[in-house]
Amino acid sequence: MKETTAPAEPLIPGARRLDICRILGESYDPARWNDWHWQMRHRLSRPEQLEQLLQLIPGERRGLALCQGKLAVAVTPYLAELLDPLDSSCPLRMQVVPREEEALVAATDMVDPCGEEHDSVVPGLVHRYPDRVLLLAIDTCAAYCRYCTRSRLVAHGRLGGLGQRIDAIIAYLEAHTEVRDVLISGGDPLLFSDEKLDELLGRIRAVPHVEMVRLGSRVVSFLPQRITPSLVTVLRQHRVWLSLHFSHAAELTPEVAQACDLLADGGIPLGSQTVLLRGINDSVTELRALFHGLLKLRVRPYYLYQCDPVVGTSHLRTTVAKGLELVAGLRGHTSGYAVPAYVIDAPGGGGKVPIHPETVVGYENGTLLLRNWEGGVYTYRDPVNV
Ligand SMILES: *Cc1c(COP(=O)(O)O)cnc(C)c1O
């Protein structure tokens, strides 16, 4: 077995990294570059900084001007290094640099497409399904995806600090003995310090009927420096599952591989969630590369989401017909582990609804006609003695 080793830091950093430090007015220091606090403090967010970082196209320049006060822009220096400065269709750049189309509000767009406010039982706690809840712990992310389903909340300071909300949340969990699964999301809960996370997880774990705790996080792809041995110790102690958000194989860098190795070697079960995005990952080739890449890192693709109809995201959404075609191009053609469930989070609070390419093509008198991945039709007969 190969041991986990840190990616070798180049003695002479790439020109790009030096450029980024110059834009930040910082001298390059590998120790600081690898420190997640430094990365968070030096995120690029101002239009002038992005203007220096990238050869912006007019649509991006207008997008940066228009998004002020709407969805924040922030790019960690680590992520900045991965953005193609010359190609505006770079899949990472399209996810974090706004376009002027963000100002378009399509007739079907919604501020809160998944209806989370409606199912909110105490501030920042959504209880929709019978046995599990979603806890919105923090409203900050390392970088802001332009298609964020919680653009109404993130980076707006509207959620309120967890300190003021936690007692009510814990009281709700204690009173609701049917809740056995707590999903902590945000924002990005891995942006809490190790100590704060330990305290939060400890309080949730102290609720006797909570059997499972999971965290949804984007830091592994946007800020892999956050995954430190001491964080892994905290996550392991509380027996946490992680759902990591990835959109494109270009996100699977040596730093990300190292972070996933630390987590997997630390015994943390890893799943991933991917949003289907037009022009970013809407082809079998791109999705397969991503899902195969994740499996190599011991991350099991869990959900592929149809992009929620959030205000200002119609330029990034594709059709469900396209999504079904992509899933059909994966299922059976590659490892079942590489095929996540394709779901639509039903607008209006219906929750996640799985959608599948048609496989049951006939069902009469106990005889089922099944279409397989190659298009062949097979028969299955129900038992007769039921
Ligand atoms: C996604 C989600 C969950 C978890 O759903 P699973 O299908 O169990 O992963 C729970 N609550 C809410 C409100 C959600 O959106």
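Note that ligands are numbered from 1 as they come in the structure, with each ligand's atoms numbered from 1 the same way.
Checked by atom type, the side-chain pair Tyr305/Thr149 shows no donor-acceptor distance below 3.5 Å. Of the N and O atoms on the side chains of Ser88 and Glu60, not one donor lies less than 3.5 Å from an acceptor on the other residue. A donor-acceptor pair shorter than 3.5 Å cannot be found between the side chains of Gln225 and Trp38.
Less than 4.0 angstrom separates some heavy atom of Val126 from each of these atoms of ligand 1: 13 (C). Listed by number with element, the atoms of ligand 1 under 4.0 angstrom from any heavy atom of Leu134 are 11 (N), 12 (C), 13 (C).
Using a 4.0 Å cut-off between heavy atoms, Glu116 makes no contact with ligand 1 at all. With a heavy-atom cut-off of 4.0 Å, Met212 does not touch ligand 1 at all.
In terms of N/O distances under 3.5 Å, ligand 1 is not approached by Tyr129.
Atom SG of Cys260 sits about 13.0 Å away from atom NZ of Lys296, to the nearest 0.5 Å.
Applying the side-chain hydrogen bond (donor to acceptor under 3.5 Å, both in side chains) test to pairs two or more places apart or on separate chains, those with a residue in residues 314-343 are Asp109-Arg317, His292-Thr334, Gln306-Tyr342, Thr313-Arg317. Counting only residues at least two apart or on different chains, no side-chain hydrogen bond (donor to acceptor under 3.5 Å, both in side chains) pair has a member in residues 369-380.
The protein atom (non-hydrogen) at minimum distance from atom 15 (O) of ligand 1 is Lys352 NZ, 3.0 Å. When only non-hydrogen protein atoms are considered, atom 9 (O) of ligand 1 lies nearest to Tyr302 OH, 2.6 Å. Of all protein heavy atoms, the one lying nearest to atom 7 (O) of ligand 1 is Tyr303 OH, 2.5 Å.
Heavy atoms of Arg214 come nearer than 4.0 angstrom to ligand 1 in at least one pair.
Closest approach of Val232 to Gly266, counting heavy atoms only: CG1-CA, 3.8 Å.
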